[in-house]
There are 2 protein chains.
Amino acid sequence: MEERLSKVFAALADPTRRDLVARLATADATVGELAAPYDVSVQAISKHLKVLEDAGLVTKAKVAQRRSVHLEAEVLDLMTAWIERYRQRAEQRYQRLDAVLARMNEEQEGKAS
Amino acid sequence: MEERLSKVFAALADPTRRDLVARLATADATVGELAAPYDVSVQAISKHLKVLEDAGLVTKAKVAQRRSVHLEAEVLDLMTAWIERYRQRAEQRYQRLDAVLARMNEEQEGKAS
DNA sequence: TCCCTCTTCAACCTATCGGTTGACAACGGC
DNA sequence: GCCGTTGTCAACCGATAGGTTGAAGAGGGA
C-alpha cells in the first residue's frame, strides 16, 4: 500500500510519464505510437512504460507483436484518497482555528460592551 | 506549472516526506519535533523539509532560533486537479464505450427480433 | 558575555534514474 | 520460410537523491 503509493507518485513525478498518462486517458495506444512524438529512443519510452506498469497505472495487452497499452484509472483514486485525507484534515484545522478566533472575538466584544 | 507539479509529485514519492506532511496536517511543528520520531539525523529531515518547501508544500516561519513548519494545503489541490482531469477523461471514455456497446446490443436485439 | 540549543551548509558516498547504443526475441506479410 | 517491424533486455554513462559526518551561524538564558 505504502509501497504502491510511493511508486505511483514517483511515476507521475516525470513530465514525460505524465504526458503518456494524459494521452492514454483518451485512448489506448501501442508503444510505437506512444513513443513517436518524443525525440528520445523507443527504448527510453519502453522504460517509462515499465515504470508506469510497475506502479499499476498501466497494463499491456499482447495483441500480436504489437502491445496495446491501457490506462488503469482506478490507481489514480489511491492518490486522490491520500491527498484528500490530509487536505481535509488541514482544512478542518483552519476551521477549528477560525472557530477559536471567532470565539475570542466574541469574548472581546463582550468585554468591550 | 509543469515544473511545480513535478516537484510536488517527487516530494510525495518519499514515505518519510509523506509522513511529515501527514503529521503537519494536524499541527505545525518545529524541525526538531518533526525529526524526533525517525532514526535518521536531523540534517536528513532538514533536507526533506527543504524538498517540501521547494515544492511549495510547506513554509517555515522564523520564530526565534526555532523554525515553525507549516503545511500549505492549497498545493495539494494542484495535484488533485491534475489527477481528476485525467481520471474523469478516462471515465468518460468508458462511459462512451458503454454507450457504444449498449447501442450495438440494441441493434443486435433489433436484428434478432 | 559566554555558552547552549536549534538549524542549516558543505563535502562526501552509494544507489537509483533517465538516457544512450547494440543485440535479440517474437510475430506477420509476402 | 525468410524478412521487416515491434518491443524488450543488457550494459554502460552522467546526474541526482538520500543518507552520513563535521562545522558554522543565529538566538536566548544564566
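Model, not experiment: these values are computed from the prediction. Proteins get letters first, then strands, A, B, ... in listed order; numbering begins at 1 in each.
The main-chain N or O of B:Glu74 is never found under 3.5 Å from a side-chain atom of A:Arg87 such that the two would form a donor-acceptor pair. Using modelled atom types, one side-chain atom of A:Ser6 and one backbone atom of B:Ala13 make a donor-acceptor pair closer than 3.5 Å. Between the side chain of B:Arg17 and the backbone N or O of B:Leu12 there is no donor-acceptor pair closer than 3.5 Å. Checking side-chain atoms of B:Glu84 against main-chain N and O of B:Ala81 turns up no donor-acceptor pair under 3.5 Å.
OP1 or OP2 of D:dG18 has at least one side-chain nitrogen or oxygen of B:Arg17 nearer than 4.0 Å. Side-chain nitrogen and oxygen atoms of B:Ser46 include at least one within less than 4.0 Å of the OP1 or OP2 phosphate oxygen of C:dT8. Listed pair B:Lys60 / C:dT8 meets the phosphate criterion, a side-chain N or O lying under 4.0 Å from OP1 or OP2.
Atom OG1 of residue A:Thr80 and atom CZ of residue A:Arg85 lie 12.5 Å apart, to the nearest 0.5 angstrom.
At a threshold of 4.0 angstrom between heavy atoms, the contacts of B:Thr16 with the nucleic acid are absent.
Atom NE2 of A:His48 and atom P of C:dT16 are 18 Å apart (whole Å). Separating the CD atom of B:Glu33 from the P atom of C:dT5 is a distance of 16 Å, rounded to the nearest angstrom. The CG-P distance, from A:Asp54 to C:dG18, rounds to 12 Å in whole Å. A straight line from CG of B:Asp14 to P of D:dA17 spans 12 Å, rounded to a whole angstrom. Following rounding to the nearest Å, B:Lys50 (NZ) and D:dG18 (C1') show an atom-to-atom distance of 15 Å. Distance B:Leu52 CG to D:dA17 P: 14 Å, rounded to the nearest Å. Distance A:Glu53 CD to D:dT8 P: 8 Å, rounded to the nearest Å. C:dT16 atom P lies 13 Å from atom NZ of A:Lys7, rounded to whole Å.
Residues A:Val69 and A:Leu49 have side chains in contact (heavy-atom distance under 4.5 Å, counting atoms from C-beta outward).
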Every protein N/O within reach of nucleotides 12-16 of chain D N/O, cut-off under 3.5 Å:
none

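Using a 4.0 Å cut-off between a side-chain N of Lys or Arg and a carboxylate O of Asp or Glu, A:Asp54 and A:Lys7 do not qualify as a salt bridge.
In this structure, A:Phe9 and B:Phe9 have tilted ring planes: the angle between them lies in the 30° to 60° band.
Scanning for salt bridge (Lys or Arg N to Asp or Glu O under 4.0 Å) contacts around A:Glu53 gives A:Lys60, with sequence neighbours left out.
Of the residues in residues 37-45 of chain A, those placing a heavy atom less than 4.0 Å from an atom of DNA chain D are A:Gln43, in numerical order.
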